[in-house]
Amino acid sequence: MPYQEKKFNLPELNGISKESVDAHLGLYAGYVKNFNAISGMLAEYAKDSEKNAHALAELIRRRSFEFGGMRLHELYFAQFEGSSTALTASGTLAKQIEAEYHKLEYFLAMFRAIALMRGPGWAILYWDPQAKQLLTGFSGEQHQGHFATLPIILALDVWEHAYLLDYGAAGKDKYIDAFFKNLNWPVLEQRFAGSTA
Ligand SMILES: [Fe+2]
């Protein structure tokens, strides 16, 4: 069954232009389209898997790239829906961050350092329900380096396409500031509540 492109009810963002958001939504649509396209090709190529071995292998590898691009962008844009709202100080996510990082600002400093890593990818905050702890990580491209099976609480796109229009190739740090200015933390709190239930 083909995957459907999601629509987001986005407010006007502070420091991330509508032009940039519209271009970025277009890229997101491309991930959905290409995931569906590759999925459609697999059965055909598998009919002669010996002759198509190299093509099939590449399609299988790239399909998870497209899937990661699809799902991560859905997490990303949903974080701006509603309006910019601070983390609820008395909430369970704030308490977990405090327990592990002592202060929100220490967590943010760590997360920012990850987001500033070189190369295209995503800074991601995961929740490990087995160990009952948060894990921060960096996924290269869209699909590599994930903590397998862990739910994602926060996803920050740090591919150049996320900030090039507004800040230029050297403007990743300014874009990260803008991202956090627009973040609707209760969306993350809901994800966390869903993952800990
Ligand atoms: Fe992106």
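As the structure lists them, so they are numbered: ligands from 1, and atoms in each ligand from 1. Everything numeric here is computed off the predicted structure, so don't read it as measured data.
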A.B. asks: Could you work out, with side chain to side chain contact (heavy atoms under 4.5 Å, CB included) as the rule, every residue matching Ala115, not counting sequence neighbours?
C.D. replies: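 Ala115: side chain to side chain contact (heavy atoms under 4.5 Å, CB included) contacts with Ala123, Leu156, Val158, Ile176.
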A.B. asks: Give the C-alpha distance, both sets of side-chain angles, the deciding distance and a yes or no for side-chain hydrogen bond (donor to acceptor under 3.5 Å, both in side chains) between Glu189 and Thr88.
C.D. replies: CA-CA 8 Å; Glu189 291 171 337; Thr88 311; 3.0 Å; yes
A.B. asks: Just distance, no hydrogens or angles: give the donor-acceptor pairs under 3.5 Å from side chains in residues 58-67, sequence neighbours left out.
C.D. replies:
unit_1	atom_1	unit_2	atom_2	d
Arg62	NH2	Glu141	OE1	3.4
Arg63	NH1	Ser39	OG	3.0
Ser64	OG	Arg61	O	3.2

A.B. asks: Tell me, with the steps shown, if Ser84 and Asn182 meet side-chain hydrogen bond (donor to acceptor under 3.5 Å, both in side chains).
C.D. replies: CA-CA 5 Å; Ser84 167; Asn182 290 289; 5.8 Å; no
A.B. asks: Take the Fe ion (ligand 1) and tell me which protein N, O or S atoms are nearer than 2.8 Å.
C.D. replies: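 His24 NE2, His73 NE2, Asp157 OD2, His161 NE2, with waters left out.
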A.B. asks: When rounded to the nearest 0.5 angstrom, what distance separates CD1 in Ile152 from CG in Leu135?
C.D. replies: 12.0 Å
A.B. asks: List, one per line, each side-chain donor-acceptor pair under 3.5 Å for residues 1-10, sequence neighbours excluded.
C.D. replies:
unit_1	atom_1	unit_2	atom_2	d
Glu5	OE2	Lys7	NZ	3.1

